[in-house]
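These numbers were taken from a predicted model, which means no experiment stands behind them. Each chain gets a letter, A, B and so on, in the order the sequences are listed, and its residues count up from 1.
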2 protein chains.
Amino acid sequence: MLAKKPMIVNERPCIDEAVNRLNEAFNERRTVVLVGNCWVNYQGRASSKLEPGERIVIIKEDGSVLVHRSRGYEPVNWQPPGCSLQAYRDNDMLVIRAVRRSPREIVSISFSQIYLLSTFKMVDEGEFSLYASEEDMQKAILARPSIIEEGFRPINYEKKVEPGFIDVYGIDRCGRLVVVEIKRRTAGKDSVLQLAKYIDAVRASVNREVRGILAAPQISKEAKQLLTSLGLDFKRVDPKKCSEILRREEDKKILDFL
Amino acid sequence: MLAKKPMIVNERPCIDEAVNRLNEAFNERRTVVLVGNCWVNYQGRASSKLEPGERIVIIKEDGSVLVHRSRGYEPVNWQPPGCSLQAYRDNDMLVIRAVRRSPREIVSISFSQIYLLSTFKMVDEGEFSLYASEEDMQKAILARPSIIEEGFRPINYEKKVEPGFIDVYGIDRCGRLVVVEIKRRTAGKDSVLQLAKYIDAVRASVNREVRGILAAPQISKEAKQLLTSLGLDFKRVDPKKCSEILRREEDKKILDFL
DNA sequence: TGCTAAATCTCGAAC
DNA sequence: GTTCGAGGTTTAGCA
């Protein structure tokens, strides 16, 4: 929190004070946390109406708006970043209007009571890193192809074919072409169909035997059946082990460099 | 806000006070809003690390946890409803541990500074209604089949075929079978392929002509091309008009009942 | 519980 | 800008 722009906390502010604080916050791109009794209307891609009740509203410096109820992970109403904000009094209500262009969407929040209003500037340069994404799994397979099977040699990745991109493309120990489809979570039928589409595309362009391998931590029962019926293979690949392998590969590179 | 369990607001509380307030809130299932400087670790389906910075943390009465950065709609870290919560002191840090079983996941939030801590009970019985979902569009088409085309007669919906469920299944004015695939938003190539799969499944089971209609508010250019090349049709259907039609049908039912 | 399909999905990257 | 794919997706519905 910047010392020169400290946090402002108001308990049970009157409407006019809240209007001033909010518009000041919108102008200065301060973050807003608001707790109170409100109802919400939304019109845009769909329409919704939320009857009165006590909620938490967060308005961020980038213009994103979140209306949270007492339960659940998801906001009941929201507006993504970049919308224009306005607060005003309407009789005995505080109204916040958040408008997004393209697609045009309007969220209107009307407060009959405000229990808490706080505005502040958040300083946050901290880096966020997520391990074992699908990309990490791909990197790990390229760095250590034996994850797929002994003798597998990648020759390409993100290879473009008609329906999309092949995660990893290579040759097995017998010289057959291999299309590898990677999923970082349980593979479903959609993954099998995706792999099948890629294989069809490859078969249409080369006159050789083409194998398909679905690499994922798990596979659903139905997907397994479909995969088998199509003559394709499944290889269990653990995302955690992939991130460990990547870490080791990074270490190796540093050693090689020294 | 219940009068007997009023909102508690602490600005810059010390760690021990925050620990007490938090555990009290967890026990009493009070909602928590916390603003401060923290770092976050996550381990579960994946792993993540968030370096220190100022964030907003919301902990709801159902045990859901949200860590929000200064920007964006999505929380950077979270825990879905039903996780077990614990707050404790670790040297000069306030630590909040949120553990979920099945899948086992742990989010650990460590605060070096707390600017605002507020706990309260939210009373929220307000109803939420969203208009014009895909289901509403389906209902509207069943109630007024002419939305699709004159002479269209539905004979089934959510009909099971091998790859999934056909939204609406019927017969056109010439007696040809019709498979209708509904999308409440701009239809893409995936929608066309989904429709094509259903049609293939129907064609495999009956020895009759089968038409396919994609019903959506819009269709992407690529999807339109694919659709045309497959000899299928597109019918613009406005979700808003569907909800109006549904409303009128509801009115009619009430009138019929009276 | 597990799986499937939808979402005001969001978000980011590629075209 | 649009389009496409991934997500710790979440959520609801159903076998």
Side-chain angles (χ1 to χ4, degrees), chain A residues 40-48 50 64-67 71-83 98 100-107 128 130-135 137-138 158 160 163-165 167 181-191 194 217-224 239-240, chain B residues 40-48 64 66-67 71-81 100 102-107 128 130-138 158 160 163-165 167 181-191 194 217-223 239-240:
Chain A
V40 185
N41 273 327
Y42 156 73
Q43 277 219 23
R45 286 166 293 180
S47 314
S48 76
L50 176 63
S64 37
V65 179
L66 306 167
V67 182
R71 294 192 265 200
Y73 159 84
E74 288 190 331
V76 60
N77 282 109
W78 70 93
Q79 202 65 288
C83 72
R100 171 193 198 185
R101 310 76 155 76
S102 180
R104 181 153 180 92
E105 295 190 295
I106 302 171
V107 169
F128 176 74
L130 178 72
Y131 306 114
S133 63
E134 201 173 77
E135 195 189 352
M137 289 175 69
Q138 185 187 48
E158 296 299 329
K160 174 94 179 119
F165 295 87
D167 290 334
E181 175 64 26
I182 303 168
K183 292 289 160 192
R184 63 186 308 290
R185 318 200 308 124
T186 304
K189 280 200 288 189
D190 54 340
S191 312
Q194 205 176 337
Q218 258 187 307
I219 185 166
S220 70
K221 212 190 289 175
E222 286 190 336
K224 177 70 194 173
K240 244 178 211 170
Chain B
V40 185
N41 273 326
Y42 157 72
Q43 276 220 23
R45 285 167 293 179
S47 314
S48 76
S64 36
L66 306 167
V67 182
R71 292 190 272 198
Y73 160 86
E74 288 187 332
V76 59
N77 281 109
W78 71 91
Q79 203 64 289
R100 172 194 198 183
S102 179
R104 181 153 181 93
E105 296 188 293
I106 302 170
V107 169
F128 175 74
L130 178 72
Y131 307 113
S133 65
E134 201 172 75
E135 195 190 353
D136 286 353
M137 291 175 67
Q138 186 188 47
E158 297 297 331
K160 175 90 182 122
F165 296 88
D167 290 333
E181 174 64 25
I182 303 169
K183 292 290 159 188
R184 60 187 312 288
R185 316 202 309 127
T186 303
K189 281 200 288 189
D190 53 338
S191 311
Q194 203 175 338
Q218 259 188 309
I219 183 164
S220 69
K221 211 190 291 176
E222 285 190 336
K240 245 178 210 170

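- Atom OH in A:Tyr73 sits about 15 Å away from atom P in C:dC9, given to the nearest Å.
- B:Glu105 places a side-chain N or O within 3.5 Å of a backbone atom of B:Arg45 that can act as its donor or acceptor partner.
- Shown here for A:Val107 and A:Trp78, the closest heavy-atom pair between the two residues is CG2-O, 3.3 Å.
- Taking atom CE of residue A:Met137 and atom C1' of nucleotide D:dG7, one finds them 14 Å apart after rounding to whole Å.
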Quick one: which protein N/O atoms are closer than 3.5 Å to N/O atoms of nucleotides 6-8 of chain C? Pair and distance per line, please.
| from | atom 1 | to | atom 2 | distance (Å) |
| --- | --- | --- | --- | --- |
| C:dA6 | OP1 | B:Glu134 | OE1 | 3.1 |
| C:dA7 | OP1 | B:Glu134 | N | 3.2 |
| C:dA7 | OP1 | B:Arg184 | NE | 3.2 |
| C:dT8 | O4' | A:Tyr42 | OH | 3.3 |
| C:dT8 | O3' | A:Arg45 | NE | 3.4 |
| C:dT8 | O3' | A:Arg45 | NH1 | 3.3 |
| C:dT8 | N1 | A:Tyr42 | OH | 3.3 |
| C:dT8 | O2 | A:Tyr42 | OH | 3.3 |
| C:dT8 | O2 | A:Arg45 | NH2 | 2.9 |
| C:dT8 | O2 | A:Glu105 | OE2 | 3.3 |
| C:dT8 | O4 | A:Asn77 | ND2 | 2.7 |
| C:dT8 | O4 | A:Trp78 | N | 3.3 |

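- Residue A:Pro75 is out of contact with every strand shown, counting any heavy-atom pair closer than 4.0 Å.
- The two residues A:Val76 and B:Phe128 make their nearest non-hydrogen contact at CG2-CD1, 3.4 Å.
- Side-chain atoms of A:Gln138 never come within 3.5 Å of backbone atoms of A:Ile182 as a donor-acceptor pair (strictly under, hydrogens ignored).
- The two residues A:Tyr73 and B:Leu66 come nearest to each other via the heavy atoms O-CD2, 3.5 Å.
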